[in-house]
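Below: the structure, in structure tokens.
Note that this is a predicted model, so its numbers are computed, not measured.
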Amino acid sequence: MKLGIVSAIFDQSNFEEMIDIVAEKGLDCVEVACWPVEKAIRRYAGVSHIDVTNLNEQTAQKITDYAASKNVEISALAYYPNPLDEDLQKRQAAIDHLYRLIDAADLMGIHLVTTFIGRMQSKSLSENFTEMVRVWKPILKYAEEKNVRIAIENCPMLFTEDEWPGGQNLMTTPAIWREVFKRLDSPMLGLNYDPSHFVWQQIDYIAPLYEFKDKLFHVHYKDIKLYAEKLKDVGVMATPLNYMSPKLPGLGDVNWASYVSALTDIGFDGYSCIEIEDKAFEKNYEDVKKSVTLSTKYLRNFVL
């Protein structure tokens with residue numbers, strides 16, 4: 001198992017500077033943020049450490065060579081939009097960029113893209129499943145032709161008022177995963193597993209690792225802290241950020257020993273990346289780097 005980090009937290013660094021930091025922290029790999037080069041549309045989004053729109057063979061080789069020179073592997077190319085957006089212009093822009101990531105992953109020999117499956121926020125689950133098949137079958141066919149796997153993170157994306165009522169990502173529960181994998185039966189489609197999203201949904205985050213072990217393409221380390229007194233006041237129907245906060249691994253409610261133990265049980269030996277979204281470590285860029293040091297030191301107790 002290789003320990004790395006999601007590069008979105010290094011939004012003040014270019015690719016080379018980001019790789020230097022990852023190497024200095026003693027990490028093995030990095031999930032590289034590859035959003036379109038434009039203003040960020042939400043927190044931790046819009047970061048572009050690789051401009052896949054203008055990528056060519058020479059640039060791709062330069063990027064992979066630089067990472068290799070620092071003994072850092074690129075675990076995946078990351079882009080987390082809503083490919084089922086009800087605004088068809090936004091939807092098409094997301095889909096078009098996903099195709100660019102698939103091309104870039106193929107060109108760079110990385111063969112993994114991490115993303116969301118998307119969701120129509122105002123439509124029913126059954127309507128979403130139907131539309132998902134229509135939108136995603138061509139994407140997966142193209143991914144199969146390029147031999148690029150696609151790992152979907154299980155984040156509901158309903159943290160802000162504009163993401164309600166339904167959120168912006170279908171892949172939120174094991175029950176939904178079963179239906180998605182049945183309808184989109186492709187060896188290229190799998191999971192980017194993040195246990196923190198199950199904590200606040202009150203879902204067992206250990207058992208699905210065993211059931212979906214063959215679909216684990218990539219895993220995350222992000223912690224969540226639930227505030228019981230706040231939850232009593234607002235209830236589970238409130239936007240989740242009203243009763244929980246993302247935290248560094250070891251500072252929240254995930255039992256990381258149990259999580260990594262389960263990963264070793266199933267023989268997972270792939271890429272596992274720290275995802276930092278802890279506002280307590282955002283006073284300045286040095287504070288951000290400190291959060292990486294602390295997270296790495298903690299997780300090296302489990303992942304060597």
Side-chain angles (χ1 to χ4, degrees), residues 1-35 40 42-50 63-64 66-78 80 114 153 155 192-197 199 205 218-226 241 244-264 268-304:
M1 203 184 312
K2 290 168 182 160
L3 181 63
I5 194 160
V6 182
S7 79
I9 197 70
F10 302 123
D11 59 341
Q12 297 180 46
S13 297
N14 63 21
F15 177 81
E16 289 79 10
E17 292 167 350
M18 178 272 291
I19 291 292
D20 289 346
I21 297 169
V22 172
E24 288 165 8
K25 301 300 181 183
L27 291 162
D28 309 313
C29 60
V30 59
E31 179 185 347
V32 182
C34 297
W35 289 73
R42 68 171 189 265
R43 191 164 174 258
Y44 306 117
V47 180
S48 187
H49 284 121
I50 298 175
I63 288 169
T64 54
Y66 190 83
S69 74
K70 301 291 182 174
N71 294 315
V72 173
E73 294 184 46
I74 297 174
S75 67
L77 302 184
Y80 295 93
T114 48
E153 188 183 345
C155 177
N192 184 15
Y193 196 105
D194 186 330
S196 69
H197 301 302
V199 172
Y205 56 87
H218 197 275
V219 301
H220 275 177
Y221 300 112
K222 184 176 72 181
D223 219 332
I224 286 289
K225 184 176 182 179
L226 291 178
L241 288 174
M244 66 83 163
S245 291
K247 301 296 291 183
L248 300 187
L251 300 183
D253 296 333
V254 176
N255 185 322
W256 293 105
S258 296
Y259 180 68
V260 177
S261 177
L263 290 174
T264 62
F268 181 82
D269 59 0
Y271 296 110
S272 57
C273 287
I274 302 161
E275 185 179 24
I276 295 175
E277 295 184 355
D278 193 332
K279 289 184 178 180
F281 291 87
E282 294 183 351
K283 298 181 185 69
N284 51 53
Y285 204 38
E286 288 308 309
D287 216 30
V288 169
K289 294 175 185 177
K290 183 193 297 181
S291 73
V292 180
T293 301
L294 291 170
S295 300
T296 303
K297 185 176 181 180
Y298 176 77
L299 285 168
R300 281 301 186 197
N301 287 296
F302 312 110
V303 184
L304 296 177

Quiz item: Residues in salt bridge (Lys or Arg N to Asp or Glu O under 4.0 Å) with K289, at least two apart?
Solution: E286
Practice problem: Can you see which heavy atom on V22 is nearest to which on C29, and at what distance? | Solution: CG1-O, 3.9 Å
Exercise. Report yes or no: does D194 contribute a side-chain atom to a donor-acceptor pair with the main-chain N or O of E153 at less than 3.5 Å?
Key: no
Quiz item: Does NZ in K225 sit with more than 12 non-hydrogen atoms of other residues, nucleotides or ligands closer than 6.0 Å?
Solution: no
Quiz item: Considering only heavy atoms from C-beta outward, does the side chain of D278 approach that of S291 to under 4.5 Å?
Solution: no
Quiz item: Can you name the residues that form a ring-ring contact (aromatic ring centres under 6.0 Å, His included) with F15, not counting sequence neighbours?
Solution: none
Exercise. Say whether S7 and H49, considering side chains only, have a donor N or O and an acceptor N or O under 3.5 Å apart.
Key: yes
Quiz prompt | Note, Y221 side chain near Y259 side chain (heavy atom, < 4.5 Å) | solution = yes
Self-check item: Listed partners of T296 passing side chain to side chain donor-acceptor pair (under 3.5 Å), at least two apart
Solution: none
Exercise. Report the residues that fulfil side chain to side chain donor-acceptor pair (under 3.5 Å) with Y271, sequence neighbours left out, ordered by chain and then residue number.
Key: E73
Exercise. Go through the side-chain N and O atoms of T114 and Y80 and say whether any donor and acceptor fall under 3.5 Å apart.
Key: yes
Quiz prompt | Contact check, side chains of Y205 and S258, non-hydrogen atoms, under 4.5 Å | solution = no
Exercise. Please assess L251 against F281 for the test side chain to side chain contact (heavy atoms under 4.5 Å, CB included), listing each intermediate value before the final yes or no.
Key: CA-CA 12 Å; L251 300 183; F281 291 87; 4.1 Å; yes
Exercise. Using the side chain to side chain contact (heavy atoms under 4.5 Å, CB included) rule, take V292 and I274 through it: C-alpha gap first, then chi angles, then the decisive distance, then the call.
Key: CA-CA 8 Å; V292 180; I274 302 161; 5.7 Å; no
Exercise. Report yes or no: do Y298 and D223 form a side-chain donor-acceptor pair below 3.5 Å?
Key: no
Quiz item: Heavy-atom distance under 4.5 Å between the side chains of D287 and E282, does that happen here?
Solution: no
Quiz item: For S75 and H218, which heavy atoms make the closest approach, and how far apart are they?
Solution: OG-NE2, 2.9 Å
Quiz item: Can you list the steps and then say if D253 with M244 is a side chain to side chain contact (heavy atoms under 4.5 Å, CB included)?
Solution: CA-CA 10 Å; D253 296 333; M244 66 83 163; over 6 Å; no
Self-check item: Minimum-distance pair of heavy atoms, taken over all atoms of P246 and I224
Solution: CA-CD1, 3.7 Å
Quiz prompt | Check against side chain to side chain contact (heavy atoms under 4.5 Å, CB included), V199 and V254 | solution = CA-CA 7 Å; V199 172; V254 176; 3.8 Å; yes
Quiz item: Going by the salt bridge (Lys or Arg N to Asp or Glu O under 4.0 Å) test, which pairs reach into residues 3-23, not counting sequence neighbours?
Solution: D20-K70
Exercise. Identify the heavy atoms of A33 and V47 that sit nearest to each other, and give their distance.
Key: CB-O, 3.4 Å
Quiz item: What pairs meet the salt bridge (Lys or Arg N to Asp or Glu O under 4.0 Å) rule with one or both residues in residues 293-304, with sequence neighbours excluded?
Solution: D28-R300
